[in-house]
Number of protein chains: 2
Amino acid sequence: MKADGSHRPPGGERRGGVSPITVKRLSLYLRQLEELAEDGRSTVSSRQLGKALGLTDAQVRKDLAYFGQFGRPGVGYRVAELAHHLRSIFGTDTTSNVAVVGVGSLGSALLRYRGWMTKGFRVVAAFDSAPSKIGRKFGNITVQPMSKLAGVVRAGQIRLAILAVPAAVAQKVAEEICQARIEGILNFAPITLSLPPEVAVIPVDLAVQLEQLSYLANPSNSKRKRNSGSRRRRQS
Amino acid sequence: MKADGSHRPPGGERRGGVSPITVKRLSLYLRQLEELAEDGRSTVSSRQLGKALGLTDAQVRKDLAYFGQFGRPGVGYRVAELAHHLRSIFGTDTTSNVAVVGVGSLGSALLRYRGWMTKGFRVVAAFDSAPSKIGRKFGNITVQPMSKLAGVVRAGQIRLAILAVPAAVAQKVAEEICQARIEGILNFAPITLSLPPEVAVIPVDLAVQLEQLSYLANPSNSKRKRNSGSRRRRQS
DNA sequence: AACTGTGAAGCCATTCACAGCT
DNA sequence: AGCTGTGAATGGCTTCACAGTT
């Protein structure tokens with residue numbers, strides 16, 4: 001275990017160079033660590049963490065080592081400490097406010113979805129352009145017109161937007177969102193957005209996901225022939 | 001352009017060896033082709049297709065060449081023909097029936113979501129174990145008890161399941177779904193399922209996606225410094 | 001003994017560059 | 001000229017294997 005840390009900036013965290021695929025795994029590590037914490041576990045080894053997620057121990061160690069030395073040889077990683085550090089990497093150690101834009105069937109469900117909360121997010125506002133939707137209430141959130149978005153964001157209350165409008169208007173609405181100086185968009189509309197580089201976008205096309213599944217579910221396409229005994233397998 | 005096709009099985013499609021990441025892009029090609037078809041375009045080049053999705057032309061050609069020779073030098077790809085071929089690769093040239101398992105806030109929204117239809121899927125049934133939910137109607141779909149799942153699947157009406165139950169029961173419910181001999185599960189529960197290899201699983205953890213976005217939206221983490229002029233950029 | 005952190009090797013994916021077709 | 005299909009080159013990610021720590 002090298003002590004000088006020469007491949008990283010000496011006093012701080014590595015910045016700007018981690019691949020998206022690594023970051024995705026970090027999310028899974030955090031999710032697993034939270035489960036371990038609930039079960040009262042206080043340490044975990046890279047092998048155990050990997051096994052639970054279908055990854056090799058070396059992969060786990062490499063991923064975590066990008067951000068510093070958290071593990072203790074002979075012991076493993078301390079669950080609470082590592083979880084805390086991962087949250088700070090994601091920026092979810094402090095709660096972020098989120099807006100839902102587009103309150104159709106999907107948007108209104110995402111508005112009610114409780115899964116965000118456990119991860120350090122809070123949906124605090126909803127916007128739509130249809131007059132029929134404006135003023136409607138979901139729980140304690142009232143749907144506001146798009147024209148109010150910029151004001152709410154500028155008041156510092158919202159960092160991220162969940163975009164759930166029809167494909168035909170998604171590009172236009174996304175541009176409005178950008179003008180409100182939001183930092184990132186979770187895009188549920190089935191189109192590729194074209195936006196200025198200072199705004200982050202993560203696409204989530206549910207129909208595409210189901211299409212992927214349909215492909216995999218065709219036995220002649222998958223590599224699932226390997227291991228075709230009866231051993232269990234973990235999802236990608 | 002080689003004519004003998006020596007690297008593929010002579011008379012048929014390549015089977016079993018395409019990486020998931022390639023398959024994901026194929027979905028995007030299909031989505032784009034459908035938009036082009038609506039606009040009345042009859043051919044498209046690899047460069048145009050790539051530009052719309054933020055990919056290189058070489059990438060597009062390599063991906064498509066895995067499955068055969070569809071392009072015409074000097075012309076490009078024929079939109080309708082290529083779209084049809086991609087659908088047959090995904091198994092969505094014929095409509096697949098899908099069940100929603102778990103009718104909470106997210107499940108009921110996925111039940112009502114219209115986006116599946118355009119892609120060759122039809123949600124035809126919903127299941128839940130809570131007596132209070134059973135018998136409830138969403139559109140023309142009545143929520144049935146889990147015990148009915150196996151029968152409906154075995155009657156050949158359902159290939160795929162959308163799993164939208166709480167994390168705490170997801171593994172158990174997923175096992176029930178497997179026993180019903182379903183081919184694939186789209187897993188919205190925030191856990192990694194451990195299942196026999198003959199069933200395909202695609203995980204869709206919405207909280208993880210938002211976490212990814214939170215990471216990317218932190219300016220010091222992204223590579224978005226490149227191109228930091230004002231040119232537009234396409235989402236990953 | 002158990003486990004991490006990490007060079008080095010191996011493997012996979014992307015891009016390059018160009019022959020060949022239309 | 002415009003474009004595809006594809007070997008070859010490059011670049012990136014994963015796994016191996018082991019020195020070093022507890």
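These numbers come from the heavy atoms of this one structure, side chains and all, not from hydrogens, waters or symmetry mates. Proteins come first, then strands; the chains are lettered A, B, ... in the order of their sequence lines, and each starts at number 1.
When rounded to the nearest whole Å, the span between CG of A/L64 and C1' of D/dT14 equals 15 Å. For A/E81 and C/dT4, the CD to P distance is 13 Å, given to the nearest whole Å. Nucleotide D/dT4 holds its C1' atom 14 Å from the OH atom of B/Y29, rounded to whole Å. Taking atom CG of residue B/L49 and atom P of nucleotide D/dG5, one finds them 12 Å apart after rounding to whole Å. Per the geometry, CZ belonging to A/R72 stands 9 Å off P belonging to D/dT22, to the nearest Å. Across the protein-nucleic acid pair, A/Q69 atom CD and D/dT21 atom P stand 12 Å apart, rounded to whole Å. Taking atom CZ of A/F67 as the reference point, atom P of C/dT6 lies 14 Å away to the nearest angstrom. Distance, B/F70 CZ to C/dC21 C1': 18 Å, rounded to whole Å.
Side-chain nitrogen and oxygen atoms of A/Y77 include at least one within less than 4.0 Å of the OP1 or OP2 phosphate oxygen of C/dG5.
Within the 4.5 Å cutoff, side-chain heavy atoms of A/L26 are placed close to those of A/F67. Residues B/N97 and B/L160 fail the side-chain proximity criterion, which asks for heavy atoms closer than 4.5 Å. Residues A/K119 and A/R31 have side chains in contact (heavy-atom distance under 4.5 Å, counting atoms from C-beta outward).
The backbone N or O of A/V23 lies less than 3.5 Å from a partner atom in the side chain of B/Q212, making a donor-acceptor pair.
The number of heavy-atom neighbours closer than 6.0 Å to CZ of B/R47, taken from other residues, nucleotides and ligands shown, is 12 or below.
One axis for each end of the helix from C/dA1-D/dT22 to C/dT22-D/dA1, each built from five base pairs, and the angle between them comes to 10° at 10° resolution.
Ion pairing between B/E35 and B/R41 fails under the 4.0 Å rule for side-chain N and carboxylate O. Taking a cutoff of 4.0 Å between a charged side-chain nitrogen and a carboxylate oxygen, A/E34 and A/R87 qualify as a salt bridge.
Residue pairs that meet the side-chain hydrogen bond (donor to acceptor under 3.5 Å, both in side chains) test with at least one member in residues 161-173 of chain B, sequence neighbours left out, are B/Q171-B/E175.
Note that CG of A/L64 is 10.0 Å distant from CZ of A/R25, once rounded to the nearest 0.5 Å.
Both A/V75 and B/V75 sit near DNA chain D, but only B/V75 has its closest nucleotide nearer the 5' end.
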When you compare the protein's N or O atoms with those of nucleotides 14-18 of chain C, which come within less than 3.5 Å of each other, and at what distance?
from: C/dT14; atom 1: OP1; to: B/R25; atom 2: NH1; distance (Å): 2.8
from: C/dT14; atom 1: OP2; to: B/R25; atom 2: NH2; distance (Å): 2.9
from: C/dT14; atom 1: OP2; to: B/Q59; atom 2: NE2; distance (Å): 3.4
from: C/dT14; atom 1: O5'; to: B/Q59; atom 2: OE1; distance (Å): 3.2
from: C/dT15; atom 1: OP2; to: B/T56; atom 2: OG1; distance (Å): 3.1
from: C/dT15; atom 1: O4; to: B/K62; atom 2: NZ; distance (Å): 2.8
from: C/dA17; atom 1: N6; to: B/R61; atom 2: NH2; distance (Å): 3.2

